[in-house]
Amino acid sequence: MPELPEVEAIKVQLEKFLLNKKIVSIDVINRKVFQGDEKKLIGGLVKKVRRFGKVTSIDLSNGYSILTHVKLTGQYIYRGPELKSEILSKKVIGGIPGVHTHLIIKFDKGILYYNDVRRFGWIRVIKTSQVENEPFIKKLGPEPFKNLTFNIFEEILLKTKRNIKTLLMDQSKLSGVGNIYANDALWLAKIDPRRQADSLSSLEALSLFKAIEMVLKSGLKYGGASELAFVTPDGGEGQYQNYSLVYGHEGEICKSCKINKIEKFFLGGRGTYICPVCQK
DNA sequence: TGATATGTTATCTT
DNA sequence: CAAGATAACATATC
């Protein structure tokens, strides 16, 4: 769920709420999700928040960074003086703090909670200078809007016979796209997700490249998709699920041809939605 | 009650 | 050997 637009929404709000605030204490409730020495973070001021694909880095003034991946159900929720009205999505199961709260960071003003029902997410303390050398970040492929050009995209497609949808979601090939936006981009480009990546014509590849940018832009515009567990640090939800093109629309009429029903099947173990007539 | 949701990785297979 | 396919992770929800 949290893909490029969702993680960007987290990044933007964390920066908005935490910039220039000082960490005064850290409570690591669950070591499973936390790696490193939290004492290194105490006293640091938040100077910048960066995003690499689906990973966020909170950079501090003391040379350390908090690198974090929320995976499927990780949630960062902030409570502090600048929240005009305190909303808390019911997707925050157990509340804050609650049974699923694994980390609490207290700032001079405000508190940040990390909740994660399934505990797949992780938080790492590393030196800021090492963020870009972190193995996870190092193996990320180029990212849309950043360093993914059409030429690079086409080269990636031609290198493999894997199905195009699985390739789009492979973070080592291109970063940021997950299941929701892969489904929507392929529908928008009218390409069957089962096609071998290297079988796409140059024109089809260009259409898909543009479609990826379009659906990601739409996701960014609506603050991400909150189908499952995604919430923003202010406690609110994204709205993209109300504007998605095919993802989650099984059995509904295709928005393009307005005739055929959207079908769902599994591809690479992931839910895949298509219009069987529009997508070739 | 058991099937379902998904990001990533370890492991198995071709 | 390498690329690709699949299972595993954990648990709330329907």
Side-chain angles (χ1 to χ4, degrees), chain A residues 1-10 29-35 51-56 67-76 88-96 98-102 114-124 134-141 143 155-186 193-199 215-216 219 224-231 237-238 240-241 244 246-251 262-273:
Chain A
M1 281 211 60
E3 308 177 30
L4 189 153
E6 288 77 22
V7 181
E8 178 67 15
I10 293 173
I29 299 159
N30 186 342
R31 286 278 157 197
K32 183 182 184 293
V33 302
F34 193 92
Q35 297 144 21
R51 183 183 57 73
F52 302 86
K54 303 173 186 174
V55 176
T56 306
L67 198 65
T68 182
H69 194 312
V70 300
K71 292 284 184 83
L72 306 179
T73 54
Q75 303 169 322
Y76 279 98
L88 187 62
S89 163
K90 62 184 178 192
K91 293 181 189 301
V92 182
I93 295 154
I96 44 169
V99 284
H100 298 301
T101 303
H102 308 305
Y114 179 69
N115 270 33
D116 194 339
V117 166
R118 283 156 69 176
R119 306 193 293 277
F120 286 176
W122 48 256
I123 299 134
R124 282 174 203 157
E134 173 77 9
F136 187 92
I137 290 191
K138 238 183 160 172
K139 69 183 182 193
L140 289 176
E143 183 176 318
E155 278 173 26
I156 294 168
L157 298 198
L158 293 174
K159 274 187 194 159
T160 182
K161 295 192 180 309
R162 295 163 82 188
N163 69 70
I164 182 65
K165 177 163 176 269
T166 302
L167 179 70
L168 293 184
M169 294 190 288
D170 184 339
Q171 302 302 297
S172 69
K173 299 302 182 294
L174 62 154
S175 56
V177 177
N179 200 31
I180 296 176
Y181 298 98
N183 272 297
D184 279 5
L186 285 159
R194 295 163 290 198
R195 289 272 301 281
Q196 285 187 8
D198 64 357
S199 77
V215 297
L216 288 177
S226 288
E227 303 274 352
L228 231 82
F230 170 69
V231 295
E237 298 179 6
Y240 183 77
Q241 67 276 12
S244 65
V246 275
Y247 179 86
H249 292 287
E250 182 185 12
I262 300 301
E263 295 179 359
K264 184 197 175 189
F265 56 92
F266 284 93
L267 181 62
R270 292 294 174 252
T272 302
Y273 301 83

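Numbered from 1 within each chain, the chains take letters A, B, ... in sequence-line order. Note that these values count all heavy atoms, side chains included, but never hydrogens, waters or copies made by symmetry.
F266(A) comes within contact range of the sugar-phosphate backbone alone, with a heavy-atom separation under 4.0 Å but no base atom that close. When heavy atoms are screened at a 4.0 angstrom cut-off, T73(A) is found touching no nucleic acid atom at all. Backbone-only engagement by Q171(A) is indicated by non-hydrogen atom pairs under 4.0 Å involving sugar-phosphate atoms exclusively. At the heavy-atom level, G271(A) lies under 4.0 Å from the strands shown only through sugar-phosphate atoms.
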Could you spell out the base pairing of DNA chain C in dot-bracket, with Watson-Crick or G-U pairs whose two distances are under 3.5 Å, [ ] crossing and | to another strand? .||||||||.||||
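Distance, L174(A) CG to dG7(B) C1': 14 Å, rounded to whole Å. One interatomic measurement links the two molecules: NZ of K91(A) to C1' of dC14(C), which rounds to 13 Å at whole-angstrom precision. Between N30(A) atom CG and dT11(C) atom P there is a gap of 10 Å when expressed in whole angstrom units. R162(A) has its CZ atom 16 Å from the P atom of dA2(C), to the nearest Å.
Between the side chains of E3(A) and Y240(A), no donor-acceptor pair of N or O atoms lies under 3.5 Å. A donor-acceptor pair shorter than 3.5 Å cannot be found between the side chains of D184(A) and S244(A).
Of the options D198(A), L167(A), T166(A), a side-chain contact (heavy atoms from CB on, under 4.5 Å) to T160(A) is made by L167(A) and by none of the others.
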Any chance you could lay out the side chain to side chain contact (heavy atoms under 4.5 Å, CB included) test for V70(A) and Y114(A), step after step, and finish with the verdict? CA-CA 9 Å; V70(A) 300; Y114(A) 179 69; 4.2 Å; yes
Would you sort out whether R51(A) and E143(A) count as a salt bridge (charged side-chain N to carboxylate O under 4.0 Å, His left out), showing the intermediate values? CA-CA 11 Å; R51(A) 183 183 57 73; E143(A) 183 176 318; 2.9 Å; yes
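Closest approach to the T160(A) side chain among dG4(C), dG7(B), dT13(C) is made by dG4(C) (side chain taken as heavy atoms from C-beta onward).
K54(A) has a side-chain polar atom (N or O) that falls below the 4.0 Å cut-off from OP1 or OP2 of dT8(B). Dashed line: the shortest gap from a side-chain N or O of H100(A) to OP1 or OP2 of dT11(C) is not under 4.0 Å. Applying the 4.0 Å criterion to OP1 and OP2 of dT11(C), one finds that R119(A) has a side-chain N or O inside that range. Remark: H69(A) is not in phosphate contact with dG7(B), judged by side-chain N or O atoms under 4.0 Å from OP1 or OP2.
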Sugar-phosphate means primed atoms, P, OP1 and OP2; the rest is base. With that split, encode nucleotides 9-14 of chain B 5' to 3' as B, S or - using protein heavy atoms under 4.0 Å. S-----
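The P atoms of dT11(B) and dA10(C) are separated by 15 Å, rounded to the nearest whole Å. With P as the reference atom, dT9(B) and dC1(C) are 23 Å apart, rounded to whole Å.
Between N163(A) and R270(A), it is N163(A) whose nearest contact on DNA chain C lies nearer the 5' terminus.
Aromatic ring pairs are classed by plane angle as parallel below 30°, tilted from 30° to 60° and perpendicular above 60°; the pair W122(A) and H69(A) is tilted.
Side-chain atoms of S175(A) come within 3.5 Å of backbone atoms of G141(A) as a donor-acceptor pair (strictly under, hydrogens ignored). A distance-only check finds no donor-acceptor pair linking the side chain of Q35(A) to the backbone of I123(A) [under 3.5 Å].
By the neighbour-count criterion of 12 heavy atoms within 6.0 Å, atom NZ of K32(A) is densely surrounded, having more than that number from other residues, nucleotides or ligands.
Annotation: side chain of I137(A) is in contact with side chain of L67(A) (closest heavy-atom distance under 4.5 Å).
A distance cut-off of 5.5 Å between ring centres, combined with a plane angle under 30°, leaves F120(A) outside any stacking arrangement with the base of dT8(B).
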